[in-house]
Amino acid sequence: MSDTPDSAVQTVRGYIDQHRAAFLDDLVEWLRIPSVSAQPAHAPDVRRSAEWLTAKLRETGFPVAEVWETDGAPAVYAEWPSGDPDAPTVLVYGHHDVQPAAREDGWETDPFEPVVRGGRLYARGAADDKGQVFFHTLGVRAHLALTGRSAPAVNLKLLVEGEEESGSPHFRALVERHRDRLEADAVVVSDTGMWSETTPTVCTGLRGVADCEIELYGPDQDIHSGAFGGAVPNPATIAARLVAALHDENERVTIPGFYDGVEELTDSERALIAELPFDETSWLANASSYGTLGEAGYSTLERVWARPTAEVNGIGGGYQGPGGKTIVPASAQLKLSFRLVSGQDPYVIEAAVRDWVAARVPDGIRHKIAFGAPTRPCLTPLDHPALQAVVRSMSRAFDGAKIRFTREGGSGPAADLQDVLHAPVLFLGISVPSDGWHAPNEKVELDLLLKGVETAAHLWGDLAGALR
Ligand SMILES: [Zn+2]
């Protein structure tokens, strides 16, 4: 680039100003398609959304743009080779399906009839995730305008799935099937957000998750507590003992080996987290909870972002009806989930949980454990050159603001991309907590949406250097 940073910023902003109206018109058209993956009646709309995006990506300039079939809803894949044989490859991830939405849920206007009010675009999917996928279309055009290139500085690939809001049941298989075409040096996920309008941040990782259901069986049927109680093992008691034994007095998980390999926070990461303007009162209000409790020695944000946990999701067994029933119940059930952090392998955790349960179930109780498909954690180190490129590009878009770091306590399909493609995952999202993901009156701040465009415009040139 021969441009100085200032003129690069001006060039990009000039280009965006010229094209923002058409960009927003297109986004509005896409948001009108109710691509709700959870509702079978909308399956044709999810397909229409995939086809609409495919056509739009071709129009944007992607020489390859295809609908990819899965055993569920279709995804969209597009590819724009750089033409430079040394150029690294970047895969952008997002999704084109949306959460269900209906006027009567509390929407002020029709969720699928987008409206702009006070600099905000209201519609289901405005932030999660159509807006954040779509900023890449104008972003790559602005990148070409900035660099004078006819193709991006990186080999640019886009994978936009159609089932994220339904738990991405076919995503891993899709990625494995197309592993060769998806090959990338880095993945850019545009399906997260920033700390706030005034604190721009980059997310650096997601936790993983493993979950299981445990069935404990005692007598063949509920039996008389007077005739037999006190002389046979009670599965509900054993379930309660398992729950009680899961954490120690410091709220640390007691399962042997659970913390093995856990990537600890460095002092500088802890300092960066402590710098964020975190307000525990509003966080608690948001959690609808009345107090914090977690692993000793860690702050609330550290507990949620960077520490593994064990959670009891459900416990049941025995008589639950009105009045008393003096029995030793035949069975009891537990549902447990474990959030995992970088360095933990869900299958190692699964084995450790199985051993731990087996060692605690006495003779006379039979048990079964079933684990669901796990999601791995992902984390990109703060000093990774590609992450630094995201930070620089974002800082340019945000007028030189200091870009801070967050993580997400939740889990997502991004980890499958990291896992199958062996590429670091970067997050570029401009959504803010007030955008109302999955809630009525979802919106995106138009200023921030265009900051996303701007960041993408700077990113591909910067990443081309950082990943070489
Ligand atoms: Zn999303």
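Counting from 1, the numbers follow the sequence of the chain as shown. Fair warning: this is a prediction, and the values are worked out from it, not measured in the lab. What you see below is based on every heavy atom in this structure, not just the backbone, and it leaves out hydrogens, waters and symmetry mates.
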For residues 129-139, which side-chain N or O atoms pair as donor and acceptor with protein atoms under 3.5 Å away, sequence neighbours left out?
unit_1, atom_1, unit_2, atom_2, d
Asp129, OD2, His95, N, 3.0
Lys130, NZ, Trp30, O, 3.2
Lys130, NZ, Ile33, O, 2.9
Lys130, NZ, Ser35, OG, 2.9
Gln132, OE1, Ile430, N, 2.7
Gln132, OE1, Ser431, N, 3.3
Gln132, NE2, Ala127, O, 3.2
Gln132, NE2, Thr192, O, 2.9
His136, NE2, Ser190, OG, 2.8
Thr137, OG1, Phe134, O, 2.7

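A salt bridge is defined here as a Lys NZ or Arg NE, NH1 or NH2 lying under 4.0 Å from an Asp or Glu carboxylate O, and Arg181 with Glu66 meets this definition. Using a 4.0 Å cut-off between a side-chain N of Lys or Arg and a carboxylate O of Asp or Glu, Asp267 and Arg270 do not qualify as a salt bridge. Salt bridge Arg32/Glu29: absent, no basic N to carboxylate O contact under 4.0 Å. Using a cut-off of 4.0 Å between Lys/Arg side-chain N and Asp/Glu carboxylate O, Arg339 and Asp211 are scored as not salt-bridged. Salt bridge annotation for Glu275-Lys402: present, with a cationic side-chain nitrogen under 4.0 angstrom from a carboxylate oxygen. Here Glu215 does not pair with Lys368 in a salt bridge; the nearest charged N to carboxylate O distance is not below 4.0 Å. Ionic pairing of Arg47 and Glu69 is present here: one or more N-O contacts between side-chain nitrogen and carboxylate oxygen are shorter than 4.0 angstrom. We find that Arg376 and Asp345 are joined by a salt bridge, their nearest charged nitrogen and carboxylate oxygen being less than 4.0 Å apart. A salt bridge does not link Lys443 with Glu108: none of the charged nitrogens is closer than 4.0 Å to a carboxylate oxygen. Note on Arg172 versus Asp419: salt bridge recorded, some NZ/NE/NH1/NH2 to OD/OE distance being below 4.0 Å.
The side-chain heavy atoms of Leu428 and Val202, taken from C-beta on, include no pair separated by under 4.5 Å. In this structure, the side chains of Pro277 and Trp195 come closer than 4.5 Å at one or more pairs of heavy atoms. Leu53 places none of its side-chain heavy atoms less than 4.5 Å from the side chain of Leu158. Looking at heavy atoms from C-beta onward, Thr380 lies in side-chain contact with Leu426 at the 4.5 angstrom threshold. Within the 4.5 Å cutoff, the side chain of Leu336 has no heavy atoms near those of the Glu213 side chain. The shortest distance between side-chain heavy atoms of Tyr259 and Arg307 falls below 4.5 Å. The shortest side-chain heavy-atom distance between Ile16 and Val12 falls under the 4.5 Å cut-off. Looking at Lys56 and Asp26, their side chains come closer than 4.5 Å, going by heavy atoms from C-beta outward.
Remark: Lys157 fails to qualify as a cation-pi partner of Tyr77 under the 6.0 Å distance and 45° angle criteria applied to the six-membered ring. With a 6.0 Å cutoff to the six-membered ring centre and a 45° limit on the axis angle, Arg303 does not count as a cation-pi contact of Tyr298. Note that Arg141 lies outside the cation-pi zone of Tyr15, set by a 6.0 Å cut-off to the ring centre and a 45° limit from the axis.
A donor and an acceptor atom, one from each side chain of Glu161 and Tyr93, are located under 3.5 Å apart. Side chains of Ser411 and Thr375: a donor-acceptor N/O pair is absent below 3.5 angstrom, by distance only. Counting only N and O atoms by type, the side chains of Trp305 and Glu408 include no donor and acceptor under 3.5 Å apart. Under 3.5 Å, the side chains of Glu269 and Thr266 contain a donor-acceptor pair of N or O atoms.
With Arg407 as the partner, the side-chain contact (heavy atoms from CB on, under 4.5 Å) test is satisfied by one option alone out of Leu301, Leu206, Ile273, Leu265: Leu265. Evaluated for a salt bridge (charged side-chain N to carboxylate O under 4.0 Å, His left out) with Glu454, the options Arg13, Arg396, Arg20 yield exactly one hit, Arg13.
Listed here is the closest heavy atom pair of Val46 and Ala73: CG1-CB, 3.7 Å. When all heavy atoms of Ala151 and Pro81 are compared, the pair lying nearest together is CB-O, 3.4 Å. In this structure, Pro34 and Asp45 approach most closely via the heavy-atom pair O-CB, 3.3 Å.
At distances below 3.5 Å, not a single donor-acceptor pair connects side-chain atoms of His458 with backbone N or O atoms of Val9. Here the side chain of Ser282 pairs a donor or acceptor atom with the backbone of Asp279 at under 3.5 angstrom. Checking side-chain atoms of Asn155 against main-chain N and O of Ala87 turns up a donor-acceptor pair under 3.5 Å.
In this structure, the separation between CE on Met194 and OG1 on Thr406 is 10.0 Å, given to the nearest 0.5 Å. Separating the CG atom in Leu31 from the OG atom in Ser49 is a distance of 9.5 Å, to the nearest 0.5 Å. Of the inter-residue distances, the one linking Thr455 atom OG1 with His143 atom NE2 reads 14.0 Å to the nearest 0.5 angstrom.
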Pair Asp84-Arg468, salt bridge (Lys or Arg N to Asp or Glu O under 4.0 Å): steps then yes or no: CA-CA 12 Å; Asp84 174 351; Arg468 234 176 260 262; 3.6 Å; yes

Does the side chain to side chain donor-acceptor pair (under 3.5 Å) test come out yes or no for Glu164 and His96, once each step is laid out? CA-CA 8 Å; Glu164 198 276 341; His96 68 90; over 6 Å; no

Given salt bridge (Lys or Arg N to Asp or Glu O under 4.0 Å), test Asp105 with Arg124 step by step and report yes or no. CA-CA 12 Å; Asp105 299 341; Arg124 174 56 89 223; 5.8 Å; no

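Enclosure of atom CD in Glu183 is not indicated, since only 12 or fewer non-hydrogen atoms of other residues, nucleotides or ligands lie within 6.0 angstrom. More than 12 heavy atoms of other residues, nucleotides or ligands sit less than 6.0 Å from atom CZ of Arg48.
Aromatic ring orientation, Phe338 versus Phe371: parallel (interplanar angle below 30°, classes split at 30° and 60°).
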